[in-house]
Amino acid sequence: MRNYIFRLTKKAKLGGIQNWIILCITVFVVAFVAYRADQVSNDSYVQLVKSDTRIRFLDLRQTTVEAIYSKFLILKELSTFIGDNPDLTQANYAKRARRIMGSDRSVVSIAAARDLTVSLVYPLTTNRNILGFSYRNSNNEFPVVQQMLRDGRETMVAPVTLTQGGSGIILRAPVYISDIGNEKRASEPWGIVGIVLDYNRFIEETGVLDLASSYDILISSTDASGEFNQTLFGNADIKNMDPIILDFVFPSGSWKVYAVQKGGWPQHAPNLWRDRIIMAFMAAIVIGIMIFILRLAESRRRAKNFLVNGIEAMDDGFVMYDADDRLILSNQKYRDLYNFSDCLMRPGTPFAEILKSGVFREEYLHDPEGQQKIINRRLDARRAGKAMNFEQHLLNGRVIHASDRRMSDGSYVGVRVDVSELMHAKEAAETANRAKTDFMGVLSHELRTPLTVMLGVAKLSNNVHLLKPAKVLLAAVDAGDRSPAEIRLLIDKLFQHLTGLMARMVNSGDHLLHLINEVLDYAKSESGSLSVVSERCEIQDITRPVVEQLRTLSDAKGLAFKTSIAAGTLWADKARTGQILYNLLGNAIKFTASGSVQLIVTITQTEVVFDVHDTGDGISETEFEDIFQAFYQVDSTATRHAGGTGMGLAISRNLAELQGGTLTVSSVVGEGSCFRLMLPRVSDPAIPVNS
Ligand code: ADP
């Protein structure tokens, strides 16, 4: 079995539509997951690149903002120094500016404009040309610096085309003459001080140019309208390329910096195809595993169906319980045997519940104690894991052979075989055997009785002189005192005695012959070779010899023998029909102690009906059919007393049927019986009856 299931497993295809649906869903899910993973991998790579870019530009922002702040600090310091020394000379200014500024290469100049006219500048040599520049003469800048002095705030302007040449960033701060202790003069403006940064150098120093080799960068500052429309660096087109955006906020003004990786953000992760191949491989493994699982499930399903169908096809009841004694499965035959409902036989029903219903169907219905005993015994056996073999006699008359076995995993298997037919056949065989044994007894008795008579008579014939009449005759002859007439009388008496003995011997011989004929007829009837030769014959020709033969017998028993025989013909075997009637009338006389025996023959259109009535003991209805079975006798003791072998009626019915007729009985116990032989009037119903 295991090998066969294994073969099933190996051969199992994917099978049912369900499995294909599951497989399609799996493929779809795996494909979707792979697609999403591919997308996420790309997206996260792009995000990684963007966040990396952002970090680098955050560094740039810090550097730039720090640089600008440091320049404003220089301005502050210088502004304070000039405020403290409003009448500063160019030499002192230069000395101070050099010290503050150090060697910052991005600074083009540091100039101070007293009363808004540039009067001090450092380094003087390269910026001499701006000395004497008056802001008052600049329409653009005058309002700005005036506002500065009013607000006391620094400004930053970029990019600016420098008078020294090139473009720059200009940071300016107001200067107020300081006079501690005189608050009125403390806010008196001196002018402004400003630093001009070389734009390109500043950009280079902050690292923008380095980044520009890897990124497309746009730096824009606010224009007059306050919008970031003024390009300080780069190309404004990158605004449309999903750039990262950072705000650079300075003490005065701010920049917006846009950055995109050179050539735009990457579309794919660098190891896209390697990742895709790995993903495809993993997807193939997942789908392969799924196919394997589905095939395994399919083969299990097929193996299960195979077993369930096999169990269902069994001619015997089959039931299975798990280790917790709960129903796993049962076949239809099992449910039918006990007439269990489908509701009760649902998987999971406890064994005890089914057992109770089952016992209720056994012959213990009216014996609650017996029921409980049986339930307890079977439950105990189940708990002890014992195998059980027992017979159940159900209320519906069926006999079930039950065998329960526990399996190694603790589950239980039960097989129920309906042995009712077997039991009935056994009972029938036993009955037949008993009947045959009885028959042998009866037969030997029936044979022995006439044989004993015949042998006895024969022995007596050998010793006639020992007979009483012979002894009397011999004594008379020896005495010589009797007359010849008297001797003649004695001789007649002896002859009479001998004739009586011979008659008894002939009767016994007839009886024996009848017996042997019956046995031979029965043997023929059993082998199917009993035959009849039907012909048209007169009813009276059949009944007369039988009635004549048996009348003496009935007279001897003191019974009234009545006959009413219609005249007519029938289509029958005369001798065999006579044999049937002889048997029926013989039985009637034999089983009637007093009263009458009657033969009534009537004729219908198609049949002749022979009714044999008697006023004997009668036969109970339950035995109406049994008495036609060979060797069956109603009451063996009475029968023995009455004589007979139990074959007569079986042979008679067979003979009646061979002639196309029937033989039936009706009887009331204690009142008498009526055997009815019906024979057809013609061999072919189409032929008209010619009576
Ligand atoms: P048997 O040789 O015993 O008479 P039969 O086959 O003729 O055998 O009859 C079978 C049995 O049927 C008899 O033994 C008897 O018990 C019963 N039987 C037959 N005829 C009658 C009857 N007229 N009245 C009562 N019982 C009868």
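Taking 4.5 Å as the limit, every side-chain heavy atom of R405 sits out of range of all side-chain heavy atoms of V415. Taking 4.5 Å as the limit, some side-chain heavy atom of I400 sits within range of a side-chain heavy atom of Y338. At a threshold of 4.5 Å between non-hydrogen side-chain atoms, the residues N587 and V612 do not count as touching. The side-chain heavy atoms of M678 and F610, taken from C-beta on, include no pair separated by under 4.5 Å. Looking at L677 and V609, their side chains never come closer than 4.5 Å, going by heavy atoms from C-beta outward. With contacts defined as side-chain heavy-atom distances shorter than 4.5 Å, the pair L512/M454 qualifies. Between F390 and R378, some side-chain heavy-atom pair lies under the 4.5 Å cut-off. Contact annotation: the side chain of R398 never approaches that of Q392 to less than 4.5 Å [non-hydrogen atoms, C-beta and beyond].
We find that R576 and D521 are joined by a salt bridge, their nearest charged nitrogen and carboxylate oxygen being less than 4.0 Å apart. Remark: D404 engages R416 in a salt bridge, criterion side-chain N to carboxylate O under 4.0 Å.
Residues V546 and G578 share a closest heavy-atom pair of CG2-O, 3.7 Å. Among all heavy-atom pairs drawn from I589 and S554, the shortest one is CD1-CB, 3.9 Å. Among all heavy-atom pairs drawn from V608 and I539, the shortest one is CG1-CD1, 3.8 Å. The nearest pair of heavy atoms linking T552 to E548 is OG1-O, 3.6 Å. Closest non-hydrogen pair, L394 versus L337, comes out as CD1-O, 3.5 Å.
In terms of the salt bridge (charged side-chain N to carboxylate O under 4.0 Å, His left out) criterion, residue partners of R383 (sequence neighbours excluded) are, by chain and number, D380. By the side chain to side chain donor-acceptor pair (under 3.5 Å) test, S527 is found to be paired with S529, residues two or more places apart in sequence or in another chain being considered. Taking the side chain to side chain contact (heavy atoms under 4.5 Å, CB included) definition, one finds that D315 meets it with nothing, sequence neighbours left out. Remark: F351 engages Y321 in a ring-ring contact (aromatic ring centres under 6.0 Å, His included) (not counting sequence neighbours). Every residue two or more places apart in sequence or in another chain was checked for a side chain to side chain contact (heavy atoms under 4.5 Å, CB included) with M440, and none qualifies.
Rounding to the nearest 0.5 Å places CG of D325 at 13.0 Å from CD of E353. Remark: I311 CD1 to M314 CE distance equals 7.5 Å, nearest 0.5 Å. Going from atom CZ of R653 over to atom CD of Q629 covers 8.5 Å, rounded to the nearest 0.5 Å. Between the CG atom in L329 and the CZ atom in R346 there is a gap of 15.5 Å [rounded to 0.5 Å].
Relative to the ring axis of F561, R551 places its NZ or CZ within 45° and under 6.0 Å from the centre.
Between the side chains of T645 and E518, at least one donor-acceptor pair of N or O atoms lies under 3.5 Å. A donor and an acceptor atom, one from each side chain of S534 and D573, are nowhere located under 3.5 Å apart. A side-chain donor from one of Q372 and N376 sits under 3.5 Å from a side-chain acceptor of the other. One side chain, E446 or H511, offers a donor N or O that lies under 3.5 Å from an acceptor on the other.
Without hydrogens or angle criteria, N583 side chain to G648 main chain gives a donor-acceptor distance under 3.5 Å. Side-chain atoms of N463 do not come within 3.5 Å of backbone N or O of L466 as any donor-acceptor pair. Listed for the S330 side chain is no donor-acceptor partner under 3.5 Å among the backbone atoms of L327. Side chain of K574 to backbone of E538: no donor-acceptor contact under 3.5 angstrom is found. Of the possible donor and acceptor atoms, none in the side chain of S525 sits under 3.5 Å from a partner among the backbone N and O of L530. Side-chain atoms of E312 come within 3.5 Å of backbone N or O of Q332 as a donor-acceptor pair. Panel note: side chain D611, backbone I600; no donor-acceptor pair is recorded below 3.5 Å. With hydrogens and angles disregarded, no donor-acceptor distance shorter than 3.5 Å links the side chain of R536 to the backbone of T569.
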(message) Could you walk me through whether T349 and R326 satisfy the side-chain hydrogen bond (donor to acceptor under 3.5 Å, both in side chains) test, starting with their C-alpha distance in whole Å, then the side-chain angles of each, then the deciding distance to 0.1 Å, before giving a yes or no?
(response) CA-CA 5 Å; T349 308; R326 289 185 174 275; over 6 Å; no
(request) Apply side-chain hydrogen bond (donor to acceptor under 3.5 Å, both in side chains) to the pair T499 and Q496, showing each step before the final yes or no. (result) CA-CA 5 Å; T499 307; Q496 263 178 21; over 6 Å; no
(message) Run the side chain to side chain contact (heavy atoms under 4.5 Å, CB included) test on L679 and W571 for me, step by step, so that the C-alpha distance in whole Å, both residues' side-chain angles and the decisive distance to 0.1 Å come before the verdict.
(response) CA-CA 8 Å; L679 290 176; W571 186 261; over 6 Å; no
(request) Output, in order, the C-alpha distance, side-chain angles, deciding distance and verdict of side chain to side chain contact (heavy atoms under 4.5 Å, CB included) for C537 and I542. (result) CA-CA 8 Å; C537 43; I542 298 170; 3.8 Å; yes
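Crowding of E486 atom CD: a count of heavy atoms from other residues, nucleotides or ligands under 6.0 Å exceeding 12. The neighbour count for R382 CZ, taken as heavy atoms of other residues, nucleotides or ligands under 6.0 Å away, is above 12.
If you run side chain to side chain contact (heavy atoms under 4.5 Å, CB included) between Q540 and each of V601, V547, I565, only I565 comes through. Across E421, E391, H424, a single residue satisfies side chain to side chain contact (heavy atoms under 4.5 Å, CB included) together with V399, and that is E391.
The side chain to side chain donor-acceptor pair (under 3.5 Å) contacts involving residues 656-671 comprise T577-Q659, S667-S673, where partners must be two or more places apart or lie in separate chains.
Note: F628 and F675 have perpendicular aromatic rings, judged against thresholds of 30 and 60 degrees for the angle between ring planes.
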